[in-house]
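Structure first, commentary second.
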Amino acid sequence: MTELRPAAARGHANHGWLDSWHSFSFADYYDPKHMGYSVLRVINEDRVAPGKGFGTHGHRDMEIISYVLEGALGHKDSMGTGSTIVPGDVQRMSAGRGVQHSEFNHEKEGHTHFLQIWIEPDVSGIKPSYEQKHFAPEDKRGRLRLIASPDAREGSVTIHQDALVYAGLFDAAEKARLTISPDRKGYVHVARGRVTVNGHALGAGDALKTDGGAIEIERGENAEVLVFDLP
C-alpha cells in the first residue's frame, strides 16, 4: 500500500499569531479517515508570530517531539525544565501521568516554524520526563539520521514506543534508502523543499504512507525529510 497525502489536503487553522497545518485530526479539524497512522497521532506544522506562543496547558500519556525548522522555541514545564530549541534540536517530552508546559517564540522579529509530533506511548501513567539533543546538519546531509528510538540507539532521544524516527537533508544527487520490516509501516513527511520518494515527487508538507519495504529518497531540492518506522 502506498498513499499520498498532499499538503493542501491537511487541516488548516490561522489564528493570526499561529498559522497551523494538521496532518491528522486535531482541535477543530476532524477527518475520520485521518485520525493518525499506526501510533503516529499528530504532525502539526506551526508558524508562531514574534512574541506569541502557547500558554500553559496540560498533556498526559503522549510522547511529544518538537522539531524546529526556523527561529527559536522557548519551553517551560512543570518538571522545572526551561530551554530554547533551535534548528537541529530535537525535544522529547514524555507526558506520562501529567505535565503542564508552555511554548513561546521570544524573538522580536521573525516567525518560529516548527513541527510538533505526537506518538502514542506503549505505557501509561509513567513519571513525566524531558530530553533535548542537537543533530548537526552534517549528520543529516544525504542520509537518514536516527533522531528518536525506544532505546536511545545511535544517540537518539528516547521514546516510550517501538517506533523509529529519522531526519535527513537532501540536495541534487544525494540519496538514501531505508528498508521497513514487512510487518511494519512507513510514513514520510517532507518538512521543506522538494524530493522524490519511491518515484513520487513530493513538496513541502506532502506525506507518503507505505507498508513494509524500501523507502527510497532522491532528487532533493533543499529538502528536509522525516521518516517514521512504525509498528
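Residue indices begin at 1 and follow the sequence shown. These values consider heavy atoms only, across backbone and side chains, with no hydrogens, waters or symmetry-generated copies.
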Are the side chain of D211 and the backbone of M1 linked by a donor-acceptor contact shorter than 3.5 Å?
-> yes
Student check: side-chain heavy atoms of L164 and R153 closer than 4.5 Å | yes
Atom pair CG (L144) and CD1 (I215), whose distance is rounded to the nearest 0.5 Å = 8.5 Å
Given side chains that start at C-beta, do those of D46 and F54 come closer than 4.5 Å, heavy atoms only?
-> yes
May I ask you to decide if T2's main-chain N or O and T210's side chain share a donor-acceptor pair within less than 3.5 Å?
-> no
Quick one: does R192's side chain have a donor or acceptor within less than 3.5 Å of a partner on A223's backbone?
-> no
Of all heavy-atom pairs between P150 and A163, which one has the smallest distance, and what is that distance?
-> CD-O, 3.4 Å
Are more than 12 heavy atoms from other residues, nucleotides or ligands located less than 6.0 Å from atom NZ of K52?
-> no
Please indicate whether E138 has more than 12 foreign heavy atoms, meaning atoms of other residues, nucleotides or ligands, lying under 6.0 Å from its CD.
-> yes
Contacts of type salt bridge (charged side-chain N to carboxylate O under 4.0 Å, His left out), residue D61, not counting sequence neighbours = none
Around K209, counting heavy atoms of other residues, nucleotides and ligands shown, do more than 12 lie under 6.0 Å from its NZ?
-> yes
Please lay out, stage by stage, how I65 and E63 fare under the test side chain to side chain contact (heavy atoms under 4.5 Å, CB included).
-> CA-CA 7 Å; I65 297 171; E63 301 294 296; 5.7 Å; no
Closest non-hydrogen atoms of A204 and A191, given as atom of the first, atom of the second and distance, are CB-O, 4.2 Å
Can you hop from Y166 to V195 via hydrophobic side chains spaced under 4.5 Å?
-> yes
How far apart are the C-alpha atoms of L4 and L202, what are their side-chain angles, what is the distance that settles it, and do they pass the side chain to side chain contact (heavy atoms under 4.5 Å, CB included) test?
-> CA-CA 9 Å; L4 175 63; L202 305 180; 3.2 Å; yes
What class does the angle between the rings of H106 and F104 fall in, given that below 30° is parallel, 30 to 60° is tilted and above 60° is perpendicular?
-> parallel
Do other residues, nucleotides or ligands put more than 12 heavy atoms under 6.0 Å from N14 CG?
-> yes
R92 side chain to T158 backbone, donor-acceptor under 3.5 Å = yes
Between side-chain atoms of residues 118-127 and protein atoms elsewhere (two or more places apart, or another chain), which donor-acceptor pairs fall under 3.5 Å?
| residue | atom | partner | partner atom | Å |
| --- | --- | --- | --- | --- |
| W118 | NE1 | Q116 | OE1 | 3.0 |

Pairwise distance CD1(I85) to CZ(F114) - rounded to 0.5 angstrom | 7.0 Å
Are H57 and H101 close enough that a side-chain donor and a side-chain acceptor fall under 3.5 Å?
-> yes
Backbone of A13 reached by a side-chain donor or acceptor of S20 within 3.5 Å | no
For the pair R5 and D206, find out whether any cationic side-chain nitrogen is under 4.0 Å from an anionic carboxylate oxygen.
-> no
Passes side chain to side chain contact (heavy atoms under 4.5 Å, CB included), M93 versus E131? Steps please.
-> CA-CA 6 Å; M93 187 174 69; E131 187 178 11; over 6 Å; no
Kindly work out whether a path of hydrophobic side-chain contacts (I/L/V/M/F/W/Y, heavy atoms less than 4.5 Å apart) joins L115 to L40.
-> yes
Enumerate the residue pairs fulfilling side-chain hydrogen bond (donor to acceptor under 3.5 Å, both in side chains) with a member in residues 76-90, sequence neighbours excluded, ordered by first and then second residue.
-> H75-D77, D77-T81, S83-Y130, S83-Q132, D89-Q132, D89-H134
Any side-chain donor near an acceptor of the partner, Y37 and E3, under 3.5 Å = no
Minimum heavy-atom distance N198-A214, with the two atoms named = ND2-O, 3.1 Å
Residues R184 and L230: closest non-hydrogen pair is CB-O, 3.1 Å
Are any side-chain N or O atoms of N105 and backbone N or O atoms of G110, one a donor and one an acceptor, separated by less than 3.5 Å?
-> yes
Is there a side-chain contact between E224 and Y67 (heavy atoms, below 4.5 Å)?
-> yes
Which value, rounded to the nearest 0.5 Å, describes the distance between H113 atom NE2 and L69 atom CG?
-> 5.0 Å
Enter the distance from E103:CD to I64:CD1 here, rounded to the nearest 0.5 Å.
-> 8.0 Å
With under 30° as parallel and over 60° as perpendicular, where do the rings of F24 and Y187 fit, or are they tilted in between?
-> tilted
Look at the side-chain heavy atoms of Ile, Leu, Val, Met, Phe, Trp and Tyr, link any pair under 4.5 Å apart, and say whether F228 and V188 land in one connected group.
-> no
Would you say K140 and L169 make side-chain contact, with heavy atoms under 4.5 Å?
-> yes
Cluster overlap L226 with I180, hydrophobic side-chain contacts below 4.5 Å = no
What is the distance from atom CG of L208 to atom OG1 of T196, rounded to the nearest 0.5 Å?
-> 11.0 Å
Same hydrophobic cluster for V165 and M62, using side-chain heavy-atom links shorter than 4.5 Å among ILVMFWY?
-> no
What is the minimum heavy-atom distance between S156 and L146, and which atoms define it?
-> CB-O, 3.9 Å
Would I217 and V227 satisfy side chain to side chain contact (heavy atoms under 4.5 Å, CB included), going step by step from the backbone distance to the final call?
-> CA-CA 10 Å; I217 299 173; V227 179; 3.9 Å; yes
For the atom pair CG (D171) and CZ (R219), what is the distance rounded to the nearest 0.5 Å?
-> 14.5 Å
Correct closest heavy-atom pair for D139 and R143 would be O-NH1, 2.7 Å
Check for a donor-acceptor pair, side chain of S149 on one end and backbone N or O of A152 on the other, with a separation under 3.5 Å.
-> yes
So, for F26 and W21, is the gap between ring centers shorter than 6.0 Å?
-> no
